[in-house]
2 protein chains.
Amino acid sequence: MRSDLRIVVLALVTGLAFSAQALAQTDPLPSWNDGNAKQAIVEFVTATTTEGGKDFVVPADRIATFDQDGTTWVSHPVYGQAIFALDRLHEMAPEHPEWKDTEPYKTVLTGDKAAMAKFTEKDWMEIVAVTHAGMSTAEFEKIVADWLPKSENPVFKKPVTDLVYRPMIEVMEYLRANGFRTYIVTGGGQEFVRVYSEKVYGIPVEQVVGSSIVTKYQEKNGVPVLERDPKAFFIDDGPGKAVGINLFIGKRPLIAFGNSDGDREMLEWTTAGDGARLGLLVLHDDGKRELAYGPAKGLPDTKVGTFSQSLYDEAQKKGWVVISMKNDWKRIFAFEE
Amino acid sequence: MRSDLRIVVLALVTGLAFSAQALAQTDPLPSWNDGNAKQAIVEFVTATTTEGGKDFVVPADRIATFDQDGTTWVSHPVYGQAIFALDRLHEMAPEHPEWKDTEPYKTVLTGDKAAMAKFTEKDWMEIVAVTHAGMSTAEFEKIVADWLPKSENPVFKKPVTDLVYRPMIEVMEYLRANGFRTYIVTGGGQEFVRVYSEKVYGIPVEQVVGSSIVTKYQEKNGVPVLERDPKAFFIDDGPGKAVGINLFIGKRPLIAFGNSDGDREMLEWTTAGDGARLGLLVLHDDGKRELAYGPAKGLPDTKVGTFSQSLYDEAQKKGWVVISMKNDWKRIFAFEE
């Protein structure tokens, strides 16, 4: 017995030693080029997780927040959820013959992209209301789940969930391996993102904070359901992101990732906290492998996911890290070699 | 070295054996009398956590929700948060000389309890608005934290946080030891409860779902703050509890604890889920050690935290467990012998 135990112990000890060595040799962020951004992330994680260090933070308070559109996945030519809404309109059209003569449906159904580009916020709200409400939360979840594998980004010709940025997945995994809890904090629909958050990001539904519409508790045939009403409840964008973080998480993030003016207040709120904090912004400056838009730094102004010069200037002033997709990311998508 | 290791291993092995034995002998719910309620809880936890069993649930989906007022702590003669609001009014009064002649402040300041018992919802809303808003979230947190140790329940003459039910703390610890995440789902203020949830319940702030008022992101002297506005944002009571659970947690609880008609929909929503689910209601039938009120089962109708006969009947019909404080709880408060 004793000699058996000795073997077990030796196996454990050598095994542990091997693992430690393997860990030390493994780059947690292999899709990142060495540079300021990667270094800032690794130094920040090291500083906040080194016991006894001046910037050490207990695991319970290690909160990391990620915007989604443009930060963790492609948001061009339109947001993934807009592709869903338009697909759904087409699918619903046979039951709504009146749409052929009613705007904004008519424009969507005729596929007039130039006219759609001129849609007002009111037009989009109407489309969202019709496609996202009037069903129960369970029904909506199923509709989104069924749509996802069939979805196609018109530029990349791939399902929207394939267009996730591999470097950001690595950061999420690296943070979680270091005791952080990772949250999505998106202007997009909370219930929409929850359908795939676990599978795509490894983020459980309760760590998805997003925009939401009113839901109403009802009994249908004796069974309680939550019915989705076509009325905005919470807009998790801009200042709403700081509000949403406080409302849903109740703790201030240590580190926050964004890419557009809608993430400004999330980064302000995050980095205004005590102790070590880090804000990062993805700059889409890689027209070859992904897309190039700003208008910061003279990049084209596409009006979707705007990264303004004033946001860029604030980042410089406040020490937020600007991630250059072109220079900082070795690999952008998982489907690349 | 080898013999040292052997000693370590032997210590580990015997230590583990001892712990296992100790665990088997330890009653996880020592403040509960043996009976239906205790048995239902233990059987439910065993069923949902036994791998290979038909009711097994993966840890990620083990969600337990607890109402607060009347379920985890005393809610008489008024809710703990109402005591806070009234204390705060008295504290603020010197800055508001006009209150001496203005209702509902006048009545509060004169201490006319009979008149206060007749306050309308509008009166209470006005008191809550004045005492809970007009400051930042950080300022509010400090005000509540400072008040808690000075607080006094007028019947029990103890701080409100001393009036937590020991049996419910044990259930929370027992559930967490079995991989459940425990949430407070309260009609009370989310930010109020978050001030003490970790200390009193071992529940982190992000697992507190409650009612909330509007907060606004603002810069004050260049520092971002969230300012509390005197306007209701979300009422987490009645049907709102099912809505709030979906909004904040996104998963349906396996087990839910309540005590009043405001918990009806939370229990309906919980127990309508697939697989093993359990709903439990605390009945305040112990006028000697705590309080006796219903009006279910002919108990006095105190109008605060009402447990109606119709809720009792629904519990019977749906197999929800009614916890009798008198019969099921051996010890109610931690300060008892």
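Throughout, a chain's letter reflects where its sequence line sits, starting with A, and its residues are numbered from 1.
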Original post:
Side chain, backbone, both or neither: which part of A:V225 has an atom under 4.5 Å from a heavy atom of chain B?
Top reply: backbone
**OP:** Look at atom CD of A:Q316 and say whether more than 12 heavy atoms of other residues, nucleotides or ligands are closer to it than 6.0 Å.
**Re:** yes
**OP:** Check whether any side-chain heavy atom of A:L247 lies under 4.5 Å from a side-chain heavy atom of B:T215, and answer yes or no.
**Re:** no
Original post:
Would you call B:P239 and A:Q218 a side-chain contact if the rule is heavy atoms closer than 4.5 Å?
Top reply: no
Original post:
Just wondering, more than 12 heavy atoms not from A:K216 lying within 6.0 Å of its NZ?
Top reply: no
Subject >> B:R228 side, atom CZ; A:N246 side, atom CG - distance, nearest 0.5 Å >> reply: 9.0 Å
Subject >> Enclosure of B:K220 NZ (heavy-atom neighbours >12, cutoff 6.0 Å) >> reply: yes
Subject >> Heavy-atom pair count under 4.5 Å with chain A, highest-scoring of B:V214, B:V208, B:I249 >> reply: B:I249
Original post:
Does atom NZ of B:K142 have more than 12 heavy-atom neighbours from other groups under 6.0 Å away?
Top reply: no
Subject >> Under 4.5 Å from a heavy atom of chain B, the part of A:E198 involved >> reply: neither
Original post:
Any side-chain heavy atom of A:F234 sitting closer than 4.5 Å to one from B:F234?
Top reply: no
**OP:** Using a cut-off of under 4.5 Å on heavy-atom pairs, state which of A:V243, A:L226, A:V205 scores highest against chain B.
**Re:** A:L226
Original post:
Are A:E219 and B:E268 close enough that some pair of their side-chain heavy atoms sits under 4.5 Å apart?
Top reply: yes
Subject >> Residue pair B:R181 / A:E206, side-chain heavy-atom distance below 4.5 Å >> reply: yes
Original post:
So which of A:G250, A:S212, A:G238, A:A60 has the biggest tally of heavy-atom pairs under 4.5 Å with chain B?
Top reply: A:G250
Original post:
So which of B:G210, B:P204, B:A242 has the largest heavy-atom pair count under 4.5 angstrom toward chain A?
Top reply: B:A242
**OP:** With a 4.5 angstrom heavy-atom cut-off, could you sort out which part of B:V223 is near chain A: side chain, backbone, both or neither?
**Re:** neither
**OP:** Give, for atom CD1 of B:I245 and atom OH of A:Y217, the distance between the pair rounded to the nearest 0.5 Å.
**Re:** 10.0 Å
